[in-house]
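Both backbone and side-chain heavy atoms feed into the values below; hydrogens, waters and symmetry mates do not. Letters go in sequence order (proteins before strands), and every chain restarts at 1.
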There are 2 protein chains.
Amino acid sequence: MKKIEQRLTENGVRPTAMRLLIYKYLAEKEVAISLTDIEAAFAKAERTTLYRTLRTFEEKKIVHQIDDGTGIQKYALCEPGCDCNLEQDLHLHFHCNNCDETVCLTEHKIPHINLPEGFVAEDANLVLKGICDKCSGQ
Amino acid sequence: MKKIEQRLTENGVRPTAMRLLIYKYLAEKEVAISLTDIEAAFAKAERTTLYRTLRTFEEKKIVHQIDDGTGIQKYALCEPGCDCNLEQDLHLHFHCNNCDETVCLTEHKIPHINLPEGFVAEDANLVLKGICDKCSGQ
DNA sequence: CTGACCTATGCAACGGAAGTGCATTATTGT
DNA sequence: ACAATAATGCACTTCCGTTGCATAGGTCAG
Ligand SMILES: [Mn+2]
Ligand SMILES: [Mn+2]
Ligand SMILES: [Zn+2]
Ligand SMILES: [Zn+2]
């Protein structure tokens with residue numbers, strides 16, 4: 001728990017009780033988490049607080065936001081030392097059509113694409129959809 | 001206009017006046033179109049009708065839906081003979097952070113990715129974000 | 001031609017999720 | 001202990017997608 005406190009402080013986020021709990025929750029789950037997930041897990045907490053906590057975490061590069069095509073924003077902890085904006089840290093995400101969970105495949109970077117003249121890429125999002133390892137029974 | 005009528009009929013969609021107009025509108029625009037865009041263009045028409053028209057078009061593979069990360073569903077005409085589900089027809093999309101427009105780059109297919117054991121891909125979405133050709137002044 | 005039938009359209013309302021304003025409470029540093 | 005700053009709680013809003021149901025329009029068999 002001291003570890004978490006330190007991580008937050010390092011990134012310029014005051015380690016309140018709520019924030020520590022949310023970080024811990026994210027760390028325990030190996031999948032991307034939505035605001036609604038967190039809301040369900042912390043029934044006592046206020047939605048807005050959770051919302052703003054996630055946003056703060058994102059601004060301070062503690063989590064990255066994931067758009068998996070479901071229309072629901074998901075979040076997952078960043079790798080230590082990750083700068084989500086850099087091309088090198090852009091990895092792909094996998095969304096399972098069966099269990100509806102989304103996971104980071106941090107070791108799979110987004111391939112570089114040669115765009116037509118005039119197009120300048122600053123960011124990229126690659127989502128694969130299908131059946132995840134848990135659901136494929138393998 | 002006869003052409004459009006034929007295209008709709010071929011795909012099992014009855015060519016009503018409204019549908020012809022919407023198809024024409026999509027054909028004239030070279031960018032991906034949202035329901036709200038169409039609503040603005042056809043002020044007299046009912047939102048629901050436009051919505052259902054787009055959905056019908058999508059089911060019948062006349063248009064494909066584009067998730068460009070803005071949280072707003074966009075649509076663009078399919079290439080003739082395209083089967084949006086097939087890997088070969090999956091192309092990338094580019095969203096301009098400046099003019100907020102999204103375009104199909106139909107000639108840029110999504111590269112094949114080797115996934116870890118147990119993951120089975122059925123679909124993919126790749127969106128690049130940055131500055132488009134019009135906005136980069138080139 | 002006409003009525004039965006199916007499809008498309010119009011109108012109204014709902015729902016989920018993101019986001020904002022403002023008052024209150026907690027934390028920090030002097 | 002006090003003032004300043006940051007976090008939290010509560011209420012409310014907006015946006016977009018979506019659905020139910022009633023009506024209008026087109027299609028086809030008799
Ligand atoms: Mn990720
Ligand atoms: Mn496209
Ligand atoms: Zn799964
Ligand atoms: Zn642009």
With a 4.0 Å cut-off on heavy atoms, is [X] in touch with a base, just the backbone sugar-phosphate, or nothing at all?
X: A:Arg14; answer: sugar-phosphate
X: B:Arg52; answer: base
X: B:Thr48; answer: base

Reckon [X] has a side-chain N or O less than 4.0 Å from the OP1 or OP2 of [N]?
X: A:Arg47; N: C:dA18; result: yes
X: A:Thr16; N: D:dT8; result: yes
X: B:Arg19; N: C:dA8; result: yes
X: B:Thr49; N: C:dA8; result: no

Rounded to whole angstroms, how far apart are [atom1] on [X] and [atom2] on [N]?
X: B:Arg55; N: C:dT7; atom1: CZ; atom2: C1'; result: 14 Å
X: A:Glu46; N: C:dA18; atom1: CD; atom2: P; result: 15 Å
X: B:Glu5; N: D:dG26; atom1: CD; atom2: P; result: 13 Å
X: A:Leu20; N: D:dT8; atom1: CG; atom2: P; result: 10 Å
X: B:Lys44; N: C:dG10; atom1: NZ; atom2: P; result: 10 Å
X: B:Ile66; N: D:dC16; atom1: CD1; atom2: P; result: 17 Å
X: B:Gln73; N: D:dC15; atom1: CD; atom2: C1'; result: 13 Å
X: B:Met18; N: D:dG26; atom1: CE; atom2: C1'; result: 17 Å

If each of B:Thr56 and A:Leu35 is mapped to the nucleotide of DNA chain C with the nearest heavy atom, which maps nearer the 5' terminus, i.e. the 5' end?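 It is B:Thr56, whose closest nucleotide lies nearer the 5' terminus.
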
Minimum side-chain heavy-atom gap B:Thr53-B:Tyr23 below 4.5 Å: no

Do A:Ile66 and A:Asn125 come within less than 4.5 Å of each other through their side chains, counting heavy atoms only? no

More than 12 heavy atoms of other residues, nucleotides or ligands under 6.0 Å from NZ of B:Lys61: yes or no?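 Correct, the count exceeds 12.
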
Looking at A:Lys29, I'd like to know if its NZ atom is crowded, meaning that more than 12 non-hydrogen atoms belonging to other residues, nucleotides or ligands lie closer than 6.0 Å.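 Atom NZ in A:Lys29 is not crowded, with 12 or fewer foreign heavy atoms closer than 6.0 Å.
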
Of B:Thr36 and A:Val13, whose closest DNA chain D nucleotide lies nearer the 5' terminus? A:Val13

Is it true that B:Phe94 and A:Phe119 have ring centroids separated by less than 6.0 Å? yes

